[in-house]
Amino acid sequence: MNDLELPLGKRSKLYRFFEIVPAFLSYGMLAVLIILSFVQPLWASIYLLLVVMSTIVRSVGIAYRTITGHRSLVQAQAVDWHDRLTQLERPKASYKALAASRTSRLRLPGRQAEFHLQEHHNNLRLAAASPDTFPKPSQLYQMVIIAAYNESYEIIQPTVESVKATTYNNKQIILVLAYEERGGADIAKTAARLKREYRDTFHSFHAIKHPKDLPGEVVGKGGNITYAGKKMRAYCDRQGIAYSDVMITTLDSDNRPYPSYFDYVAYEYIVHPERKRLSYQPVALYFGNIWDAPAPMRVVATGNSFWTIISSMRPHTLRNFAAHSQPMDALVEMNFWSTRSIVEDGHQYWRSYFYFGGDYNVLPIHVPVYQDAVMDNTFWGTVVAQFKQLRRWGYGASDVPYVAVRLFTRHRTVPFAEVFARFVRLVDGHVTLAVMAFMVTFGGWVPLLLNSQSSRSYAVHMLPEIVSNLQRFAMIGIFITVFLMLKMLPPRPDRYKRHRTVWMVLQWFLMPVTSICFSAIGAFNAQTHLAFGRYLDKFDVTVKATVDSRDRARQQPKKRRRFFGIFGKRQ
């Protein structure tokens with residue numbers, strides 16, 4: 001199936017069926033517990049314990065991958081990726097020098113460090129044996145597309161500055177500020193100012209305005225970066241730059257890549273022969289403004305950060321998320337990103353997977369791209385923005401029908417068993433996101449409250465206590481997260497006193513609230529939209545506030561804000 005696009009307008013019956021599946025399963029799991037509580041409370045108890053036990057098993061795996069993922073993050077940051085990339089420029093001489101040296105070591109001890117070093121030696125050996133099959137680092141460009149809507153100069157400039165401060169040669173970086181026409185005159189002025197200030201810093205600096213209301217597009221980031229990508233394809237044609245010599249990285253306006261990120265990506269791109277069929281996924285850490293954000297948002301941001309760390313340790317399930325990199329030749333062939341999805345990052349995985357007939361993978365890059373936690377100028381504005389962000393992520397359930405119609409068809413172009421396993425994981429992930437917080441938090445009381453006869457059953461009567469004890473056991477994962485969070489936090493700003501660190505620990509008592517009110521309800525909301533055909537066709541841009549803008553807003557008269565609704569509009 002060559003058509004990679006999401007449908008607009010009327011869907012087929014099969015497509016509509018699978019659009020309903022996530023909500024049907026999510027609501028169905030809650031309904032089963034309620035129905036069994038009326039019919040047979042003991043069965044309801046067994047059902048709930050099976051669900052909770054599966055969560056406990058997962059939490060053990062999560063705790064283990066959190067520790068190993070953090071270790072890999074620390075070790076990868078210790079590697080001098082610029083030096084390794086430089087050695088690939090002259091692989092024969094570099095391999096000969098390293099082979100003769102007995103003192104070549106990473107700065108960290110241990111078997112994992114030695115493994116990285118041995119892997120580098122092997123890469124140099126292969127490059128020395130067949131230098132023509134490995135691209136030269138000096139010919140590889142990093143094209144960085146920063147997507148912006150109406151963010152201020154104070155938000156975007158640090159992102160541009162962070163790209164400048166990386167260890168990659170600035171003259172091999174093509175920087176693109178892709179901004180929206182609907183963002184207004186201010187963002188156009190900001191783009192012009194940044195281009196004026198940084199035009200001589202990089203190989204080139206481009207400010208590209210995405211026109212509003214183009215046909216076949218939803219209001220979202222995908223249309224913006226795709227428009228910019230097509231403009232830059234024409235630029236590369238004029239400059240005689242081969243698409244295979246360009247790596248494209250997409251950043252949001254508040255993203256700050258780790259200094260060695262582009263060197264790391266370039267290194268992995270060069271040493272992998274299947275480079276065209278790979279994309280490169282860094283670890284997203286939402287710590288940019290973590291000291292300033294309200295406590296509930298800090299919990300959400302930290303949880304999301306550790307989710308990306310955990311995901312990096314499971315390459316077979318890794319998906320594109322937020323900032324990531326992909327070769328330009330692959331992007332040109334598949335017409336860049338989807339312009340019809342508000343979750344173009346995760347959807348890009350499936351577009352690439354089906355375009356390459358299943359021969360496609362996401363390679364983890366174990367260094368961070370720092371992002372900001374959600375923070376609006378007011379607390380309630382922040383609450384609404386956080387909900388909309390997680391609802392948008394939950395709308396990744398729209399990939400379920402996209403995958404299903406390419407799986408359950410006679411025209412399938414990918415191996416059935418492999419895609420079916422990925423499909424099951426996709427559905428399970430979205431259903432789990434919606435259901436588990438409710439089941440674990442409230443499920444133990446449901447049989448007792450709904451069936452007056454259940455109090456006569458000792459097993460049912462003990463169910464809340466059993467579930468509570470299992471929850472305490474699962475708290476070990478929280479303790480690990482808190483410990484690692486304190487190690488990874490950026491330095492405390494001078495404007496905050498030491499007791500702010502205490503609140504950084506106590507904030508985790510809010511986790512049940514944030515899990516239900518933001519993650520679970522947001523997922524249910526997104527799946528409900530999808531099931532009723534009320535498609536989310538507009539990217540709710542998260543306000544990027546700063547401490548100064550927040551303080552200014554507090555001095556302004558308060559305005560009543562409109563809260564979110566359950567249903568959007570039907571396409």
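In what follows, every heavy atom counts, from backbone to side chain, and hydrogens, waters and symmetry copies are set aside.
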Just do the side chain to side chain donor-acceptor pair (under 3.5 Å) check on T201 and N170 with the steps written out, would you? CA-CA 7 Å; T201 301; N170 281 338; over 6 Å; no
Would you check, one step at a time, whether the test side-chain contact (heavy atoms from CB on, under 4.5 Å) holds for L6 with S338? CA-CA 8 Å; L6 287 162; S338 173; 4.0 Å; yes
Intermediate values then yes/no, side chain to side chain donor-acceptor pair (under 3.5 Å), Q326 and Q348: CA-CA 10 Å; Q326 197 166 358; Q348 183 66 8; 3.3 Å; yes
Show the numbers, then the answer: is there a salt bridge (charged side-chain N to carboxylate O under 4.0 Å, His left out) between R275 and D329? CA-CA 10 Å; R275 58 185 66 91; D329 52 351; over 6 Å; no
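For K195, the salt bridge (Lys or Arg N to Asp or Glu O under 4.0 Å) test picks out no residue, with sequence neighbours left out. Remark: D252 engages K221 in a salt bridge (Lys or Arg N to Asp or Glu O under 4.0 Å) (not counting sequence neighbours).
The CG atom of N304 sits 7.0 Å away from atom OG of S519, with the distance rounded to the nearest 0.5 Å. The distance from atom CZ of R422 to atom CG of L407, rounded to the nearest 0.5 Å, is 12.0 Å. C236 contributes atom SG, which lies 9.0 Å from atom CZ of R238 (distance to the nearest 0.5 angstrom). Note that OG1 of T308 is 15.5 Å distant from CZ of R319, once rounded to the nearest 0.5 Å. To the nearest 0.5 Å, atoms OG (S260) and CZ (R84) are separated by 11.0 Å.
Ring geometry for H210 against Y227 counts as tilted: the plane angle lies between 30° and 60°, on a 0 to 90° scale. Note on ring orientation: taking the six-membered ring where Trp is involved, the planes of F205 and F202 are tilted (angle from 30° to 60°).
In this structure the side chain of H347 never reaches within 4.5 angstrom of the side chain of W337, judged on heavy atoms. In this structure, the side chains of L285 and Q371 stay at 4.5 Å or more apart for every pair of heavy atoms. Residues L175 and I146 meet the side-chain proximity criterion, which asks for heavy atoms closer than 4.5 Å. Looking at heavy atoms from C-beta onward, V218 lies out of side-chain contact with K538 at the 4.5 angstrom threshold. Between V400 and L426 there is a side-chain heavy-atom pair separated by less than 4.5 Å.
Aromatic ring centres of Y168 and H82: separated by at least 6.0 Å. With ring centers used as reference points, Y286 lies 6.0 Å or more from Y370. Ring centroids of Y360 and Y349 are separated by less than 6.0 Å, placing the two rings close together. Checked against the 6.0 Å centroid criterion, the rings of H324 and Y280 do not qualify as a close aromatic pair.
Inspection of the Q87 and D83 side chains reveals an N or O donor paired with an N or O acceptor under 3.5 Å. Between the side chains of N320 and S279, at least one donor-acceptor pair of N or O atoms lies under 3.5 Å. E89 and S138 are linked by a side-chain donor-acceptor pair at a separation below 3.5 angstrom, with hydrogens and angles left out of the test. For the 3.5 Å distance criterion, the side chains of E161 and Y198 qualify, holding a donor opposite an acceptor. At a cut-off of 3.5 Å, with distance as the only test, no side-chain donor of N255 or T159 sits close to an acceptor on the other residue. Using modelled atom types and a 3.5 Å distance limit, the side chains of S204 and H206 yield a donor-acceptor pair.
The pair R340-D537 does not meet the salt-bridge criterion, since no charged nitrogen lies less than 4.0 angstrom from a carboxylate oxygen. Salt-bridge annotation for R11 and E19: present, with a side-chain N of the basic residue lying under 4.0 Å from a carboxylate O of the acidic one. Under 4.0 Å is where a charged nitrogen must lie from a carboxylate oxygen, and between E5 and R351 at least one such pair does.
A cation-pi geometry, defined here as NZ or CZ lying under 6.0 Å from the six-membered ring centre and within 45° of its normal, holds between R406 and Y402. Note that R182 lies outside the cation-pi zone of Y149, set by a 6.0 Å cut-off to the ring centre and a 45° limit from the axis. Note that R392 lies in the cation-pi zone of F539, set by a 6.0 Å cut-off to the ring centre and a 45° limit from the axis.
Of the candidates Y269, Y261, Y264, Y264 is the only one forming a ring-ring contact (aromatic ring centres under 6.0 Å, His included) with W81.
Using modelled atom types, one side-chain atom of T317 and one backbone atom of R314 make a donor-acceptor pair closer than 3.5 Å.
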